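The structure appears right after this line, and notes come after that.
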Number of protein chains: 2
Amino acid sequence: MATSTEENYLKTILHLEEEKGAAKVGDIATELQLTSGTVTTMMHALSEQGLIDYAPRKGLKLSEEGRLSALQVVRRHRLIELFLVEVMNLDWSEVHDEAEDLEHVISDRLLDRMDEMLGRPTHDPHGDPIPDREGKVTVVVSTSLAKMEVGSYRVVRVSDESSDLLEWLNQKGLTIGQEFELSREDRAAGILEIRRAGEESLQLGLEAAEQVFVEAI
Amino acid sequence: MATSTEENYLKTILHLEEEKGAAKVGDIATELQLTSGTVTTMMHALSEQGLIDYAPRKGLKLSEEGRLSALQVVRRHRLIELFLVEVMNLDWSEVHDEAEDLEHVISDRLLDRMDEMLGRPTHDPHGDPIPDREGKVTVVVSTSLAKMEVGSYRVVRVSDESSDLLEWLNQKGLTIGQEFELSREDRAAGILEIRRAGEESLQLGLEAAEQVFVEAI
DNA sequence: ATTTTTATCTTGATCAATCAAGATAGGGAG
DNA sequence: CTCCCTATCTTGATTGATCAAGATAAAAAT
Ligand SMILES: [Mn+2]
Ligand SMILES: [Mn+2]
Ligand SMILES: [Mn+2]
Ligand SMILES: [Mn+2]
């Protein structure tokens, strides 16, 4: 089996492929906070194991086997996050780091118990889809709030990387499923205004809005 | 902080000190399935960090700090085991291995949630005491069933090392708290006979009885 | 077509954890 | 008092993961 280090590389490559179409050595290094030389070395190792197709200097991509492995890690990560929120009552802002470690040690047995206990859920606390045991993923259609025009929207997904933003969103009640009106977009000032029935209006910066994904309603 | 490898060494040393009075390099090697040279190297590292008092060739023992660290790992291990049995509904025969890994990655935060959820328990599923946050441990008084004479007893603790034995005990209803009568001890043949009201009598070998700890009633 | 830039690669080194093989110290046997 | 046995130690090597510094190739700029 892949070591936890390798699992983290695979997850990062999958993430970059989904985000930017392809994973480059430099991007992997940035995301994992490593030097590119270190990443190059690991690319050889992963290639050796048939987890990626790697042509030095030309590019790399997950092999079918690598993609499945990566999806299994993502599945573990997201199920664990949901478990921590639903069963352990931790806040959605504090489960990511914990899951980052647990995802590498939890047994299939225990994972299945969690899955069962949670009723075979399809989405994690941040709105990300949970791959099923075969690696199938429901696509979540959504656009970053930062790109939207004035109108009515529903929160569909939130980036789980910034704990601070998650805390703020939670405090303001901007959780998954929440509906609201984007009442003003002041691109020059980089500020958006959000309004909900019976609530005070809120302002948030574009950088924050980048992390919130919505669908029109 | 100590690495998981170091945590496992500390736990083993604590175990040996409790079991045999002192931990020797060779015993640590046997228990962790390593060569003695490897253990010697780690002894220098642990000594360096002030976790053990080590005099080459003379002996070693946990320092106060090392003892507390070891007890924290044991606390994590046992709380996790209990959580897996009580909350996750895993069998007491399958939680040890899982806890062996989880004990090194779980956060204080999550551990405390488990502790809270379980009602600040004092004993794990096998009857072993759970050290409190300060490392205080309730002593469990018990003797191995293998050493007992015919009479009435209550199961107080069971070794958690043999998954097979745990499964068998569970199937026969010989769980913690269970009372029974030791009706025959045939030392020559290495067989003990156990009887309970309204149940068929059971036979078990001395090696198995070694692992079951009881108190007279 | 050259030159320059820059991402990627290679190399030599380090650190943790480990083993195999051989050295050694100390407690017991004679 | 010497010899020997055995547990413990030391040494040299390996593997995984990493970095710093320098080499190189492909793309971009001139
Ligand atoms: Mn996450
Ligand atoms: Mn991780
Ligand atoms: Mn255990
Ligand atoms: Mn362990």
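For the numbers below, each heavy atom of this structure counts, side chains included, while hydrogens, waters and symmetry mates do not. Order of the sequence lines sets the chain letters (A, B, ...), proteins ahead of strands, with each chain counted from 1. For clarity, every value in this text was computed on a predicted model and none was experimentally measured.
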key: Rounded distance in Å - NE2 (H44(B)) to C1' (dT8(D))   = 10 Å
request  = For S159(B) and L166(B), work out which heavy atoms get closest and say how close.
outcome  = O-CD2, 3.8 Å
task = Answer yes or no: does a side-chain N or O of Y54(A) lie under 4.0 Å from OP1 or OP2 of dC9(C)?
result = yes
ask   = Could you state the CD-C1' distance from Q49(B) to dA17(C), rounded to the nearest angstrom?
value = 14 Å
query = Between atom CG in L32(B) and atom P in dA16(C), what is the gap in whole Å?
reply = 19 Å
query = E6(A) has an atom CD; how far is it from atom P of dG16(D), in whole Å?
reply = 9 Å
Just the table, please: protein N/O against nucleotides 20-25 of chain D N/O, every pair under 3.5 Å.
{"residue": "dT24(D)", "atom": "O2", "partner": "R57(A)", "partner atom": "NH2", "Å": "2.6"}

query = Which of these passes side-chain hydrogen bond (donor to acceptor under 3.5 Å, both in side chains) with E7(A): Q72(A), H77(A), R76(A)?
reply = R76(A)
ask   = Atom NZ of K58(B) to atom P of dC9(D): distance rounded to whole Å?
value = 12 Å
key: Distance, rounded to the nearest Å, where L34(A) contributes CG and dC19(D) contributes C1'   = 10 Å
inquiry  = Within this structure, what is the CG-CG distance for the pair D91(A) and N170(A), rounded to the nearest 0.5 Å?
reply    = 5.0 Å
ask   = Which heavy-atom pair separates M88(B) from M114(A) by the least distance, and what is that distance?
value = CE-CG, 3.7 Å
ask   = What class does the angle between the rings of F83(A) and F83(B) fall in, given that below 30° is parallel, 30 to 60° is tilted and above 60° is perpendicular?
value = perpendicular
ask   = Below 4.0 angstrom from OP1 or OP2 of dG16(D), is there any side-chain N or O of Y9(A)?
value = no
request  = Could you check how far CE of M43(A) sits from C1' of dA17(D), rounded to whole Å?
outcome  = 13 Å
request  = Would you mind reading off the distance between N8(B) atom CG and dA16(C) atom P, rounded to a whole angstrom?
outcome  = 17 Å
key: Heavy-atom closest pair, residues A70(B) and L10(B)   = CB-O, 3.7 Å
N/O (side chain, T5(B)) to phosphate O (OP1/OP2, dA17(C)) under 4.0 Å = yes
query = Out of K11(B), R75(B), R78(B), which residue meets the salt bridge (Lys or Arg N to Asp or Glu O under 4.0 Å) rule with E103(B)?
reply = K11(B)
